[in-house]
Amino acid sequence: MDLRAGDSWGMLACLCTVLWHLPAVPALNRTGDPGPGPSIQKTYDLTRYLEHQLRSLAGTYLNYLGPPFNEPDFNPPRLGAETLPRATVNLEVWRSLNDKLRLTQNYEAYSHLLCYLRGLNRQAATAELRRSLAHFCTSLQGLLGSIAGVMAALGYPLPQPLPGTEPIWSPGPAPSDFLQKMDDFWLLKELQTWLWRSAKDFNRLKKKMQPPAAAVTLHLEAHGF
Amino acid sequence: MPAGRPSPGAQSARRPPPLPLLLLCVLGASRAGSGAHTAVITPQDPTLLIGSSLQATCSVHGDPPGATAEGLYWTLNGRRLPAELSRMLNASTLALVLANLNGSRQQSGDNLVCHARDGSILAGSCLYVGLPPEKPFNISCWSKNMKDLTCRWTPGAHGETFLHTNYSLKYKLRWYGQDNTCEEHHAVGPHSCHIPKDLALFTPYEIWVEATNRLGSARSDVLTLDILDVVTTDPPPDVHVSRVGGLEDQLSVRWVSPPALKDFLFQAKYQIRYRVEDSVDWKVVDDVSNQTSCRLAGLKPGTVYFVQVRCNPFGIYGSKKAGIWSEWSHPTAASTPRSERPGPGGGACEPRGGEPSSGPVRRELKQFLGWLKKHAYCSNLSFRLYDQWRAWMQKSHKTRNQDEGILPSGRRGAARGSAR
């Protein structure tokens with residue numbers, strides 16, 4: 001905020017503070033649109049919350065699978081998990097993603113992952129574990145909705161097919177229980193990686209959306225407040 | 001799982017690239033040299049009885065060519081098995097013998113893994129070692145306001161089978177053939193189920209529990225019950241406890257019949273319990289039948305009491321059996337008036353200015369109240385009771401020199417406060 005001597009300073013500071021907090025700040029360029037800022041923040045917060053929730057869910061689930069799955073450096077072969085959406089990507093590629101692609105990749109990844117999670121129908125799991133899984137799926141569904149909201153606010157179309165229709169990559173049961181356990185392990189691991197990456201994605205988007213407020217300040221200065 | 005940067009490029013068949021950045025994933029190529037496709041364990045996912053033995057083999061396929069079983073080893077639940085348990089059957093097969101197996105460590109199965117010399121996983125198999133279920137028993141059910149049925153049972157052998165055991169509560173009307181299964185599990189704990197609707201009255205139900213796991217199944221004995229015999233209801237609402245004028249050793253308890261069954265509770269029974277504020281011992285008043293008020297007597301003056309009431313819908317729709325007691329109502333508190341004369345106990349206060357003409361009546365009333373304090377439980381100050389007392393007075397006058405504490409009918413009230 002620019003410091004200006006004289007009695008106009010107080011009014012300028014007050015106006016800037018008020019306008020900063022109005023959701024209509026970016027709307028000085030567009031009319032009526034609240035802007036994606038708050039929903040990007042919300043999505044970011046959701047990814048952090050889910051990351052936290054997943055930590056305890058994964059811990060419990062891996063204990064259920066038993067050692068060695070719950071050992072710290074366990075790294076089994078990655079087989080059926082080939083169909084999982086991969087979060088890891090070259091840094092330069094990641095940096096250069098445009099907003100639409102960034103959001104689309106997130107949206108598609110979580111659609112896939114949600115589908116796999118729902119199929120994680122371990123008959124033998126305890127009732128408590130089944131409840132935790134169901135709760136996490138609901139939260140993940142919320143994240144998907146939040147991402148969809150951001151995409152809509154920025155005018156991007158949602159990727160097809162819409163969730164609810166049967167995707168081509170729907171998971172089938174693994175040929176053996178041990179292979180299924182490995183698939184489960186990688187699903188949880190990939191989920192964790194995605195949430196870690198999404199936090200960075202949305203943080204990046206959040207920073208990109210901030211400049212409009214500075215533009216307002218300059219605009220007011222020009223009018224000699 | 002590590003919270004830091006993931007590096008999935010480090011597959012067993014590849015050296016990780018030296019880039020300290022997020023790595024480009026290489027699909028397909030990484031699959032060839034890795035994992036379970038190059039070996040197979042037999043048997044896959046076997047189910048075994050505790051104490052039995054297992055013979056397993058790990059067969060290495062020829063990819064990469066020339067792969068042998070040399071240097072392979074077994075782990076069970078992450079722990080390496082002693083070398084003497086395994087031996088090479090031929091160039092590409094490693095065998096294992098496990099004797100006297102213990103129950104599975106987790107219900108998802110014990111993890112038996114065949115490792116390559118460098119520690120990477122070649123194949124795995126889940127072992128399910130346990131016991132068949134024992135007969136569940138001790139089924140008990142109750143119906144809330146005749147609308148639903150909740151049942152609980154005890155699993156046989158404390159339910160420890162080491163395997164996932166599925167319990168299914170089944171029920172059918174005695175003369176109408178069709179078996180039904182209860183769907184709402186874990187209603188009130190792990191071995192319980194709730195049937196929320198479509199229950200018939202006037203015909204008995206047959207209820208049983210089936211327990212199934214990989215090793216077998218068991219069925220409990222059949223319980224036959226009539227919904228009307230196991231009815232319970234809500235605790236009485238609106239319990240009010242108030243003082244009885246200036247009487248320092250009495251409190252009046254009033255409540256409302258539980259609304260859900262209010263039109264049917266002709267013979268309902270109630271129970272009241274009360275305790276002093278800082279005590280854990282409850283006193284129970286038992287024979288409160290079908291009234292909605294009661295007077296507690298023999299209490300300590302100037303003391304706070306907590307009072308609760310519960311209801312038993314006895315004899316509903318002509319059922320001959322006792323119903324099931326409801327939960328206790330929320331505790332209601334009230335205090336008895338302070339004693340105006342020093343010292344413990346004491347009867348009703350003497351008024352400052354007496355009415356001279358009511359002397360003998362007053363004295364008689366005082367004696368009556370004293371009697372009430374010692375002997376009455378749920379007393380309504382009725383003429384019947386007063387007459388009873390008068391009869392007793394007369395009798396006790398005749399046997400004045402004998403023991404005074406016995407009531408004519410030989411009963412003792414349940415709410416005596418003199419012990420406190």
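Lettering of chains follows the sequences in order, A, B, ..., and the numbering in each one begins at 1. All values below were derived from every heavy atom in this structure, side-chain atoms included, with hydrogens, water molecules and symmetry-related copies excluded. Small disclaimer: the values here were computed from a predicted structure and weren't measured.
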Problem set entry | Residue pairs, two or more places apart or on separate chains, that pass disulfide bond (SG atoms under 2.5 Å apart) and touch residues 99-135 of chain B | B/Cys58-B/Cys114
Exercise. How would you list all residue pairs meeting salt bridge (charged side-chain N to carboxylate O under 4.0 Å, His left out) that involve residues 39-49 of chain A, not counting sequence neighbours?
Worked result: A/Arg48-A/Glu51
Exercise. With respect to A/Pro68, which candidate in B/Asn77, B/Thr75, B/Asn111 satisfies the side chain to side chain contact (heavy atoms under 4.5 Å, CB included) definition?
Worked result: B/Asn111
Seminar exercise, completed: What one should report as the nearest heavy-atom pair of B/Gln44 and A/Ser176 is OE1-CB, 3.0 Å
Exercise. Is A/Lys181 salt-bridged to B/Asp110, going by a charged N under 4.0 Å from an acidic O?
Worked result: no
Seminar exercise, completed: Closest non-hydrogen contact found for A/Ala127 with B/His186 is CB-CE1, 3.7 Å
Problem set entry | Closest non-hydrogen atom pair, B/Arg214 against A/Asp177 | NH2-OD2, 3.7 Å
For this session: Would you give the length of the straight line joining atom CG of B/Leu127 to atom CZ of A/Phe178, rounded to the nearest 0.5 angstrom?
Result: 10.5 Å
Exercise. Looking at B/Arg105 and A/Gly66, what are the two nearest heavy atoms and their distance?
Worked result: NH1-CA, 4.5 Å
For this session: Answer yes or no: does atom CD of B/Glu184 have more than 12 heavy-atom neighbours from other residues, nucleotides or ligands under 6.0 Å?
Result: yes
Seminar exercise, completed: In terms of heavy-atom contacts, B/Ser108 and A/Tyr64 come closest through OG-O, 2.6 Å
For this session: Could you tell me the separation between the CG atom of A/Leu65 and the CD atom of B/Gln107, rounded to the nearest 0.5 Å?
Result: 13.0 Å
